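Take a look at the structure below.
No experiment lies behind these values; they were computed from the predicted model shown. Chain A is the first sequence line, chain B the second, and so forth, proteins listed ahead of strands; every chain is numbered from 1.
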Number of protein chains: 2
Amino acid sequence: METESATREQILTAAHTVFLRRGTSGARMQEIAKEAGVNQALLHYYFGTKQALADAVFRAAASNLLPGVFEVVGSALPLDQKIQTVVDRYIGFLRTRPYLPGYLVSELHADPDRAALLLPRPGVAALAALQQQLDAGAENGTLQPIRAEHFLINMVSMIIFPFLIRPMLDVIFGIGSDQFDAYLTERQRSLPGFIRSALRS
Amino acid sequence: METESATREQILTAAHTVFLRRGTSGARMQEIAKEAGVNQALLHYYFGTKQALADAVFRAAASNLLPGVFEVVGSALPLDQKIQTVVDRYIGFLRTRPYLPGYLVSELHADPDRAALLLPRPGVAALAALQQQLDAGAENGTLQPIRAEHFLINMVSMIIFPFLIRPMLDVIFGIGSDQFDAYLTERQRSLPGFIRSALRS
DNA sequence: GTCTATATGCAGATAGAC
DNA sequence: GTCTATCTGCATATAGAC
(Lines give C-alpha, C1' and ligand atoms only; values in the text may rest on other atoms or scores of the structure.)
Protein backbone atom coordinates (compact mmCIF):
# COMPACT_ATOMS: atom_id res chain seq x y z
CA MET A 1 0.00 0.00 0.00
CA GLU A 2 1.74 3.16 -1.21
CA THR A 3 0.39 6.61 -0.78
CA GLU A 4 -2.09 7.13 -3.58
CA SER A 5 -2.34 10.45 -5.31
CA ALA A 6 -5.74 12.06 -5.19
CA THR A 7 -5.90 12.20 -8.96
CA ARG A 8 -5.16 8.53 -9.25
CA GLU A 9 -7.99 7.73 -6.90
CA GLN A 10 -10.26 10.06 -8.80
CA ILE A 11 -9.51 8.23 -12.03
CA LEU A 12 -10.00 4.85 -10.42
CA THR A 13 -13.37 5.86 -9.10
CA ALA A 14 -14.45 7.17 -12.49
CA ALA A 15 -13.17 4.02 -14.14
CA HIS A 16 -15.16 1.95 -11.69
CA THR A 17 -18.32 3.79 -12.59
CA VAL A 18 -17.83 3.55 -16.33
CA PHE A 19 -16.54 -0.01 -16.50
CA LEU A 20 -19.34 -1.31 -14.31
CA ARG A 21 -21.92 0.19 -16.61
CA ARG A 22 -20.34 -0.53 -19.99
CA GLY A 23 -18.00 -3.45 -19.41
CA THR A 24 -14.36 -3.52 -20.44
CA SER A 25 -14.86 -3.74 -24.19
CA GLY A 26 -17.76 -1.29 -24.21
CA ALA A 27 -16.08 1.37 -22.09
CA ARG A 28 -14.24 4.29 -23.68
CA MET A 29 -11.18 5.91 -22.16
CA GLN A 30 -12.58 9.24 -23.22
CA GLU A 31 -15.71 8.69 -21.16
CA ILE A 32 -13.68 7.76 -18.11
CA ALA A 33 -11.55 10.86 -18.49
CA LYS A 34 -14.61 13.05 -18.73
CA GLU A 35 -16.20 11.36 -15.73
CA ALA A 36 -13.00 11.95 -13.76
CA GLY A 37 -12.74 15.55 -14.92
CA VAL A 38 -9.26 15.11 -16.34
CA ASN A 39 -7.61 14.61 -19.69
CA GLN A 40 -7.47 11.26 -21.38
CA ALA A 41 -3.67 11.27 -21.56
CA LEU A 42 -3.60 11.27 -17.80
CA LEU A 43 -5.23 7.87 -17.64
CA HIS A 44 -2.27 6.49 -19.55
CA TYR A 45 0.14 8.36 -17.37
CA TYR A 46 -1.21 6.62 -14.29
CA PHE A 47 -2.24 3.22 -15.58
CA GLY A 48 -0.41 2.67 -18.84
CA THR A 49 -3.04 0.83 -20.82
CA LYS A 50 -6.79 0.47 -20.80
CA GLN A 51 -6.41 -3.19 -20.00
CA ALA A 52 -4.38 -2.44 -16.90
CA LEU A 53 -6.97 0.04 -15.71
CA ALA A 54 -9.72 -2.47 -16.41
CA ASP A 55 -7.89 -5.13 -14.43
CA ALA A 56 -7.49 -2.81 -11.47
CA VAL A 57 -11.22 -2.15 -11.47
CA PHE A 58 -12.04 -5.82 -11.87
CA ARG A 59 -9.86 -6.81 -8.93
CA ALA A 60 -11.43 -4.25 -6.69
CA ALA A 61 -14.94 -5.16 -7.78
CA ALA A 62 -14.38 -8.89 -7.46
CA SER A 63 -12.99 -8.61 -3.98
CA ASN A 64 -16.26 -6.98 -2.97
CA LEU A 65 -18.59 -9.70 -4.06
CA LEU A 66 -18.11 -12.60 -1.73
CA PRO A 67 -15.91 -12.16 1.35
CA GLY A 68 -18.69 -10.90 3.56
CA VAL A 69 -20.61 -14.07 2.90
CA PHE A 70 -17.84 -16.45 3.86
CA GLU A 71 -17.29 -14.51 7.03
CA VAL A 72 -20.85 -15.13 8.13
CA VAL A 73 -20.99 -18.68 6.83
CA GLY A 74 -17.82 -19.62 8.66
CA SER A 75 -18.93 -18.04 11.93
CA ALA A 76 -20.30 -19.85 14.98
CA LEU A 77 -23.87 -18.65 14.46
CA PRO A 78 -26.68 -21.19 14.32
CA LEU A 79 -27.75 -22.07 10.82
CA ASP A 80 -31.01 -20.16 10.88
CA GLN A 81 -29.26 -16.98 11.83
CA LYS A 82 -26.60 -17.45 9.19
CA ILE A 83 -29.29 -17.65 6.55
CA GLN A 84 -31.10 -14.63 7.88
CA THR A 85 -27.92 -12.60 8.11
CA VAL A 86 -26.58 -13.49 4.70
CA VAL A 87 -29.85 -12.77 2.91
CA ASP A 88 -30.36 -9.53 4.70
CA ARG A 89 -26.87 -8.14 4.37
CA TYR A 90 -26.31 -9.35 0.85
CA ILE A 91 -29.47 -7.93 -0.64
CA GLY A 92 -28.86 -4.74 1.31
CA PHE A 93 -25.35 -4.52 -0.07
CA LEU A 94 -26.37 -5.16 -3.65
CA ARG A 95 -29.03 -2.50 -3.43
CA THR A 96 -26.18 -0.02 -3.21
CA ARG A 97 -24.24 -1.69 -6.04
CA PRO A 98 -26.87 -3.05 -8.39
CA TYR A 99 -24.52 -3.16 -11.39
CA LEU A 100 -21.88 -5.25 -9.68
CA PRO A 101 -23.28 -8.72 -10.42
CA GLY A 102 -24.00 -7.98 -14.07
CA TYR A 103 -20.57 -6.50 -14.50
CA LEU A 104 -18.76 -9.47 -13.02
CA VAL A 105 -20.78 -11.99 -14.98
CA SER A 106 -20.16 -10.04 -18.19
CA GLU A 107 -16.45 -9.84 -17.62
CA LEU A 108 -16.14 -13.50 -16.76
CA HIS A 109 -18.19 -14.39 -19.79
CA ALA A 110 -16.00 -12.36 -22.13
CA ASP A 111 -12.79 -13.59 -20.54
CA PRO A 112 -13.15 -16.58 -18.23
CA ASP A 113 -9.46 -16.56 -17.40
CA ARG A 114 -10.06 -13.47 -15.38
CA ALA A 115 -11.52 -15.65 -12.67
CA ALA A 116 -7.89 -16.25 -11.75
CA LEU A 117 -7.77 -12.68 -10.48
CA LEU A 118 -10.21 -13.67 -7.77
CA LEU A 119 -8.70 -14.73 -4.49
CA PRO A 120 -7.99 -18.42 -4.67
CA ARG A 121 -10.35 -20.51 -2.56
CA PRO A 122 -11.04 -17.93 0.09
CA GLY A 123 -13.59 -20.02 1.87
CA VAL A 124 -12.48 -23.60 2.33
CA ALA A 125 -12.54 -23.25 6.09
CA ALA A 126 -15.89 -21.51 6.07
CA LEU A 127 -17.27 -24.15 3.78
CA ALA A 128 -16.10 -26.92 6.10
CA ALA A 129 -17.77 -25.26 9.06
CA LEU A 130 -21.02 -25.02 7.16
CA GLN A 131 -20.82 -28.62 6.03
CA GLN A 132 -20.32 -29.76 9.62
CA GLN A 133 -23.43 -27.88 10.68
CA LEU A 134 -25.45 -29.41 7.86
CA ASP A 135 -24.18 -32.90 8.65
CA ALA A 136 -25.05 -32.54 12.33
CA GLY A 137 -28.61 -31.61 11.41
CA ALA A 138 -28.84 -34.51 9.00
CA GLU A 139 -27.68 -36.98 11.65
CA ASN A 140 -30.20 -35.95 14.23
CA GLY A 141 -32.89 -36.01 11.61
CA THR A 142 -33.87 -32.33 11.54
CA LEU A 143 -32.26 -31.51 8.19
CA GLN A 144 -32.09 -33.12 4.79
CA PRO A 145 -28.59 -34.17 3.83
CA ILE A 146 -27.06 -31.69 1.40
CA ARG A 147 -23.58 -30.71 0.30
CA ALA A 148 -22.46 -27.28 1.42
CA GLU A 149 -21.44 -26.35 -2.12
CA HIS A 150 -24.97 -26.84 -3.36
CA PHE A 151 -26.59 -25.15 -0.42
CA LEU A 152 -24.39 -22.08 -0.71
CA ILE A 153 -24.93 -21.80 -4.44
CA ASN A 154 -28.67 -22.18 -3.97
CA MET A 155 -28.80 -19.42 -1.41
CA VAL A 156 -26.56 -17.03 -3.29
CA SER A 157 -28.34 -17.70 -6.60
CA MET A 158 -31.65 -16.57 -5.25
CA ILE A 159 -30.11 -13.46 -3.74
CA ILE A 160 -28.16 -12.32 -6.79
CA PHE A 161 -30.28 -13.47 -9.70
CA PRO A 162 -32.87 -10.68 -9.67
CA PHE A 163 -30.08 -8.13 -10.06
CA LEU A 164 -28.79 -9.98 -13.10
CA ILE A 165 -32.07 -9.98 -14.95
CA ARG A 166 -33.51 -6.73 -13.76
CA PRO A 167 -34.39 -5.46 -17.24
CA MET A 168 -36.22 -8.71 -17.91
CA LEU A 169 -38.33 -8.47 -14.77
CA ASP A 170 -40.16 -5.60 -16.31
CA VAL A 171 -40.96 -7.47 -19.51
CA ILE A 172 -41.88 -10.75 -17.85
CA PHE A 173 -43.60 -9.71 -14.66
CA GLY A 174 -44.25 -6.04 -15.21
CA ILE A 175 -41.86 -5.06 -12.45
CA GLY A 176 -40.55 -1.69 -13.60
CA SER A 177 -37.51 0.00 -12.14
CA ASP A 178 -39.77 1.96 -9.83
CA GLN A 179 -41.13 -1.25 -8.33
CA PHE A 180 -37.81 -3.06 -8.17
CA ASP A 181 -37.06 -1.78 -4.71
CA ALA A 182 -40.32 -3.05 -3.30
CA TYR A 183 -39.75 -6.36 -5.02
CA LEU A 184 -36.38 -6.66 -3.32
CA THR A 185 -37.89 -5.90 0.05
CA GLU A 186 -40.41 -8.66 -0.44
CA ARG A 187 -37.62 -11.07 -1.24
CA GLN A 188 -35.63 -9.93 1.75
CA ARG A 189 -38.56 -10.91 3.93
CA SER A 190 -39.55 -14.14 2.25
CA LEU A 191 -36.26 -15.73 1.23
CA PRO A 192 -34.96 -16.75 4.66
CA GLY A 193 -38.10 -18.74 5.36
CA PHE A 194 -37.99 -20.33 1.94
CA ILE A 195 -34.40 -21.43 2.42
CA ARG A 196 -34.90 -22.70 5.97
CA SER A 197 -37.87 -24.71 4.83
CA ALA A 198 -35.91 -26.19 1.97
CA LEU A 199 -33.35 -27.60 4.39
CA ARG A 200 -35.83 -29.19 6.80
CA SER A 201 -36.28 -32.92 6.55
CA MET B 1 -41.15 -16.34 -42.95
CA GLU B 2 -39.53 -15.97 -46.34
CA THR B 3 -37.31 -18.51 -47.94
CA GLU B 4 -33.91 -18.04 -46.41
CA SER B 5 -30.84 -18.42 -48.52
CA ALA B 6 -28.43 -21.07 -47.32
CA THR B 7 -25.62 -18.55 -47.09
CA ARG B 8 -27.71 -16.27 -44.96
CA GLU B 9 -28.40 -19.09 -42.56
CA GLN B 10 -24.74 -20.02 -42.54
CA ILE B 11 -23.80 -16.48 -41.55
CA LEU B 12 -26.48 -16.35 -38.90
CA THR B 13 -25.24 -19.56 -37.36
CA ALA B 14 -21.66 -18.34 -37.35
CA ALA B 15 -22.77 -15.04 -35.87
CA HIS B 16 -24.64 -16.90 -33.17
CA THR B 17 -21.49 -18.81 -32.24
CA VAL B 18 -19.23 -15.78 -32.16
CA PHE B 19 -21.62 -13.33 -30.49
CA LEU B 20 -22.47 -15.80 -27.76
CA ARG B 21 -18.83 -16.23 -26.90
CA ARG B 22 -17.62 -12.64 -27.25
CA GLY B 23 -20.68 -10.49 -26.83
CA THR B 24 -21.77 -7.77 -29.23
CA SER B 25 -19.02 -5.27 -28.51
CA GLY B 26 -16.31 -7.93 -28.23
CA ALA B 27 -17.18 -9.75 -31.44
CA ARG B 28 -15.42 -8.97 -34.72
CA MET B 29 -17.12 -9.14 -38.08
CA GLN B 30 -13.94 -10.67 -39.44
CA GLU B 31 -14.18 -13.56 -37.01
CA ILE B 32 -17.79 -14.20 -37.93
CA ALA B 33 -16.91 -14.21 -41.62
CA LYS B 34 -14.12 -16.68 -41.04
CA GLU B 35 -16.37 -18.90 -38.93
CA ALA B 36 -18.97 -18.85 -41.69
CA GLY B 37 -16.38 -19.51 -44.37
CA VAL B 38 -17.33 -16.46 -46.39
CA ASN B 39 -16.02 -12.97 -46.96
CA GLN B 40 -16.64 -10.17 -44.55
CA ALA B 41 -18.33 -8.01 -47.16
CA LEU B 42 -21.01 -10.62 -47.45
CA LEU B 43 -22.13 -10.05 -43.90
CA HIS B 44 -22.96 -6.48 -44.82
CA TYR B 45 -24.65 -7.59 -47.99
CA TYR B 46 -27.09 -9.71 -45.99
CA PHE B 47 -27.47 -7.79 -42.77
CA GLY B 48 -26.34 -4.23 -43.45
CA THR B 49 -24.66 -3.41 -40.17
CA LYS B 50 -23.05 -5.27 -37.33
CA GLN B 51 -25.72 -3.98 -34.99
CA ALA B 52 -28.49 -5.42 -37.15
CA LEU B 53 -26.76 -8.78 -37.20
CA ALA B 54 -26.27 -8.62 -33.45
CA ASP B 55 -29.94 -7.85 -32.94
CA ALA B 56 -30.97 -10.80 -35.08
CA VAL B 57 -28.83 -13.08 -32.96
CA PHE B 58 -30.10 -11.59 -29.73
CA ARG B 59 -33.72 -12.07 -30.73
CA ALA B 60 -33.16 -15.68 -31.64
CA ALA B 61 -31.18 -16.36 -28.47
CA ALA B 62 -33.66 -14.62 -26.21
CA SER B 63 -36.61 -16.50 -27.60
CA ASN B 64 -34.84 -19.70 -26.60
CA LEU B 65 -34.40 -18.95 -22.95
CA LEU B 66 -37.79 -19.08 -21.36
CA PRO B 67 -40.77 -20.29 -23.41
CA GLY B 68 -40.25 -23.95 -22.55
CA VAL B 69 -40.56 -23.08 -18.88
CA PHE B 70 -43.85 -21.26 -19.17
CA GLU B 71 -45.27 -24.10 -21.17
CA VAL B 72 -44.62 -26.53 -18.35
CA VAL B 73 -45.56 -24.09 -15.60
CA GLY B 74 -48.87 -23.32 -17.26
CA SER B 75 -49.74 -26.97 -17.85
CA ALA B 76 -52.15 -29.10 -15.81
CA LEU B 77 -49.40 -31.15 -14.17
CA PRO B 78 -49.30 -31.43 -10.39
CA LEU B 79 -46.83 -29.07 -8.77
CA ASP B 80 -44.26 -31.69 -7.91
CA GLN B 81 -44.08 -32.85 -11.46
CA LYS B 82 -43.82 -29.33 -12.78
CA ILE B 83 -40.79 -28.78 -10.61
CA GLN B 84 -39.21 -32.04 -11.62
CA THR B 85 -39.83 -31.41 -15.30
CA VAL B 86 -38.59 -27.83 -15.34
CA VAL B 87 -35.40 -28.61 -13.46
CA ASP B 88 -34.63 -31.61 -15.56
CA ARG B 89 -35.36 -30.13 -18.95
CA TYR B 90 -33.86 -26.76 -18.23
CA ILE B 91 -30.53 -28.02 -16.96
CA GLY B 92 -30.46 -30.51 -19.80
CA PHE B 93 -31.12 -27.75 -22.29
CA LEU B 94 -28.48 -25.42 -20.87
CA ARG B 95 -25.93 -28.20 -20.97
CA THR B 96 -26.15 -27.93 -24.74
CA ARG B 97 -26.01 -24.13 -24.68
CA PRO B 98 -23.83 -23.25 -21.71
CA TYR B 99 -22.97 -19.79 -23.05
CA LEU B 100 -26.55 -18.67 -23.49
CA PRO B 101 -27.20 -17.34 -19.98
CA GLY B 102 -23.92 -15.44 -19.77
CA TYR B 103 -24.50 -13.97 -23.17
CA LEU B 104 -27.98 -12.72 -22.39
CA VAL B 105 -27.00 -11.26 -19.06
CA SER B 106 -24.02 -9.51 -20.64
CA GLU B 107 -26.10 -8.03 -23.42
CA LEU B 108 -28.80 -6.83 -21.07
CA HIS B 109 -26.20 -5.35 -18.80
CA ALA B 110 -24.53 -3.44 -21.61
CA ASP B 111 -27.85 -2.31 -23.05
CA PRO B 112 -30.89 -2.81 -20.81
CA ASP B 113 -33.23 -1.43 -23.45
CA ARG B 114 -32.69 -4.59 -25.39
CA ALA B 115 -35.03 -6.34 -23.00
CA ALA B 116 -37.74 -4.80 -25.16
CA LEU B 117 -36.78 -7.24 -27.90
CA LEU B 118 -38.02 -10.04 -25.68
CA LEU B 119 -41.56 -11.12 -26.18
CA PRO B 120 -43.78 -8.98 -24.00
CA ARG B 121 -45.21 -10.84 -21.00
CA PRO B 122 -45.33 -14.28 -22.56
CA GLY B 123 -46.44 -15.99 -19.41
CA VAL B 124 -49.22 -14.13 -17.62
CA ALA B 125 -51.61 -17.03 -18.10
CA ALA B 126 -49.01 -19.58 -17.04
CA LEU B 127 -48.20 -17.50 -14.02
CA ALA B 128 -51.83 -17.32 -13.00
CA ALA B 129 -52.18 -21.09 -13.25
CA LEU B 130 -49.17 -21.56 -11.04
CA GLN B 131 -50.43 -19.05 -8.52
CA GLN B 132 -53.73 -20.87 -8.28
CA GLN B 133 -51.94 -24.12 -7.55
CA LEU B 134 -49.84 -22.49 -4.87
CA ASP B 135 -52.88 -20.84 -3.28
CA ALA B 136 -54.77 -24.12 -3.20
CA GLY B 137 -51.91 -25.76 -1.36
CA ALA B 138 -51.68 -22.88 1.07
CA GLU B 139 -55.40 -23.06 1.86
CA ASN B 140 -55.42 -26.76 2.67
CA GLY B 141 -52.30 -26.27 4.74
CA THR B 142 -49.81 -28.33 2.78
CA LEU B 143 -47.87 -25.41 1.32
CA GLN B 144 -46.49 -22.16 2.58
CA PRO B 145 -48.06 -19.14 0.98
CA ILE B 146 -45.81 -17.66 -1.67
CA ARG B 147 -46.22 -15.45 -4.71
CA ALA B 148 -45.72 -17.18 -8.02
CA GLU B 149 -43.26 -14.50 -9.17
CA HIS B 150 -40.95 -15.27 -6.29
CA PHE B 151 -41.29 -18.99 -6.59
CA LEU B 152 -40.53 -18.97 -10.29
CA ILE B 153 -37.54 -16.70 -9.86
CA ASN B 154 -36.24 -18.87 -7.04
CA MET B 155 -36.47 -22.00 -9.11
CA VAL B 156 -34.98 -20.51 -12.24
CA SER B 157 -32.19 -18.78 -10.29
CA MET B 158 -30.91 -22.04 -8.91
CA ILE B 159 -31.04 -23.68 -12.32
CA ILE B 160 -29.27 -20.95 -14.27
CA PHE B 161 -26.83 -19.47 -11.79
CA PRO B 162 -24.11 -22.13 -12.00
CA PHE B 163 -23.83 -21.49 -15.73
CA LEU B 164 -23.35 -17.79 -15.08
CA ILE B 165 -20.47 -18.21 -12.67
CA ARG B 166 -18.87 -21.29 -14.10
CA PRO B 167 -15.34 -19.84 -14.15
CA MET B 168 -15.74 -18.88 -10.50
CA LEU B 169 -16.75 -22.36 -9.46
CA ASP B 170 -13.25 -23.52 -10.14
CA VAL B 171 -11.66 -20.81 -8.02
CA ILE B 172 -14.10 -21.03 -5.13
CA PHE B 173 -14.93 -24.71 -4.92
CA GLY B 174 -12.26 -26.30 -7.07
CA ILE B 175 -14.81 -27.44 -9.61
CA GLY B 176 -12.86 -27.42 -12.87
CA SER B 177 -14.43 -27.58 -16.30
CA ASP B 178 -13.88 -31.33 -16.31
CA GLN B 179 -15.98 -31.70 -13.16
CA PHE B 180 -18.68 -29.25 -14.17
CA ASP B 181 -20.75 -31.89 -15.86
CA ALA B 182 -20.81 -34.10 -12.78
CA TYR B 183 -21.67 -31.07 -10.68
CA LEU B 184 -24.65 -30.36 -12.90
CA THR B 185 -25.84 -33.93 -12.65
CA GLU B 186 -25.75 -33.69 -8.88
CA ARG B 187 -27.84 -30.56 -9.03
CA GLN B 188 -30.26 -32.13 -11.45
CA ARG B 189 -30.87 -34.85 -8.87
CA SER B 190 -30.95 -32.74 -5.74
CA LEU B 191 -32.69 -29.54 -6.80
CA PRO B 192 -36.25 -30.85 -7.20
CA GLY B 193 -36.26 -32.17 -3.63
CA PHE B 194 -34.79 -28.93 -2.36
CA ILE B 195 -37.46 -26.87 -4.06
CA ARG B 196 -40.35 -29.11 -3.05
CA SER B 197 -39.19 -29.00 0.52
CA ALA B 198 -38.96 -25.23 0.43
CA LEU B 199 -42.62 -24.99 -0.48
CA ARG B 200 -43.93 -27.34 2.21
CA SER B 201 -45.51 -25.76 5.23
C1' DG C 1 -24.06 -13.35 -54.86
C1' DT C 2 -19.45 -13.32 -53.78
C1' DC C 3 -15.19 -11.62 -54.00
C1' DT C 4 -10.78 -8.01 -53.49
C1' DA C 5 -9.46 -3.65 -52.53
C1' DT C 6 -10.11 0.46 -50.18
C1' DA C 7 -12.23 4.29 -47.65
C1' DT C 8 -13.65 6.13 -43.18
C1' DG C 9 -13.85 6.83 -38.56
C1' DC C 10 -12.64 6.11 -34.14
C1' DA C 11 -10.27 4.55 -29.99
C1' DG C 12 -5.99 3.60 -27.69
C1' DA C 13 -1.72 5.26 -27.15
C1' DT C 14 2.45 8.57 -27.57
C1' DA C 15 5.19 13.13 -28.05
C1' DG C 16 6.19 16.98 -26.28
C1' DA C 17 4.93 21.80 -24.46
C1' DC C 18 3.96 23.88 -20.14
C1' DG D 1 1.59 16.21 -13.23
C1' DT D 2 -1.38 17.84 -16.59
C1' DC D 3 -2.38 19.46 -20.80
C1' DT D 4 -2.93 19.76 -26.46
C1' DA D 5 -1.89 17.78 -30.56
C1' DT D 6 -0.96 13.85 -33.14
C1' DC D 7 0.16 9.12 -34.58
C1' DT D 8 -1.11 4.41 -35.34
C1' DG D 9 -3.80 0.60 -35.92
C1' DC D 10 -7.86 -1.60 -36.38
C1' DA D 11 -12.84 -2.53 -37.23
C1' DT D 12 -16.81 -1.28 -39.71
C1' DA D 13 -18.41 -0.23 -43.83
C1' DT D 14 -18.41 0.77 -49.02
C1' DA D 15 -16.98 0.52 -54.12
C1' DG D 16 -16.71 -1.96 -57.70
C1' DA D 17 -14.86 -6.11 -60.42
C1' DC D 18 -16.29 -10.68 -61.57
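- The local environment of CD in A/Glu186 is crowded, with over 12 non-hydrogen atoms from other residues, nucleotides or ligands closer than 6.0 Å.
- A donor atom on one side chain and an acceptor atom on the other are found under 3.5 Å apart for B/Asp135 and B/Gln131.
- Counting heavy-atom neighbours within 6.0 Å of B/Gln179 CD, excluding the residue itself, gives a total above 12.
- Listed here is the closest heavy atom pair of A/Pro98 and A/Thr96: CD-C, 3.4 Å.
- Contacts between residues 52-62 of chain A and DNA chain D, defined by a heavy-atom separation below 4.0 Å, involve no residue at all.
- If you check residues 32-51 of chain B against DNA chain C, the residues with a heavy atom closer than 4.0 Å are B/Val38, B/Asn39, B/Ala41, B/Leu42, B/Tyr45, B/Tyr46, listed by number.
- Against DNA chain C, the stretch residues 10-28 of chain B makes no heavy-atom approach under 4.0 Å.
- Computed from C1' positions of five pairs at each end, the angle between the two local axes of the helix from C/dG1-D/dC18 to C/dC18-D/dG1 equals 0°, rounded to 10 degrees.
- Taking only side-chain nitrogens and oxygens, B/Thr7 comes nearer than 4.0 Å to OP1 or OP2 of C/dT2.
- A 6.0 Å sphere centred on CZ of A/Phe47 holds more than 12 heavy atoms belonging to other residues, nucleotides or ligands.
- In this structure, B/Leu152 and B/Phe70 have side chains that are in contact, with non-hydrogen atoms separated by less than 4.5 Å.
- Considering only residues two or more places apart in sequence or on other chains, A/His44 meets the ring pair (Phe, Tyr, Trp, His ring centres under 6.0 Å) condition with none of them.
- At most 12 heavy atoms of other shown residues, nucleotides or ligands fall within 6.0 angstrom of atom CZ in A/Arg189.
- Atom P of nucleotide D/dA11 and atom CD of B/Glu31 are separated by 10 Å, given to the nearest angstrom.
- Side-chain atoms of A/Glu35 do not come within 3.5 Å of backbone N or O of A/Ala14 as any donor-acceptor pair.
- The number of heavy-atom neighbours closer than 6.0 Å to CZ of B/Arg89, taken from other residues, nucleotides and ligands shown, is 12 or below.
- In terms of heavy-atom proximity, A/Gln188 sits nearest to A/Val87 at O-CG1, 4.1 Å.
- Note on residues 177-201 of chain B: pairs passing ring pair (Phe, Tyr, Trp, His ring centres under 6.0 Å), not counting sequence neighbours, are A/His150-B/Tyr183, B/Phe163-B/Phe180.
- Proximity of A/Ile195 to A/Phe151: side-chain heavy atoms (C-beta onward) are separated by under 4.5 Å at one or more points.
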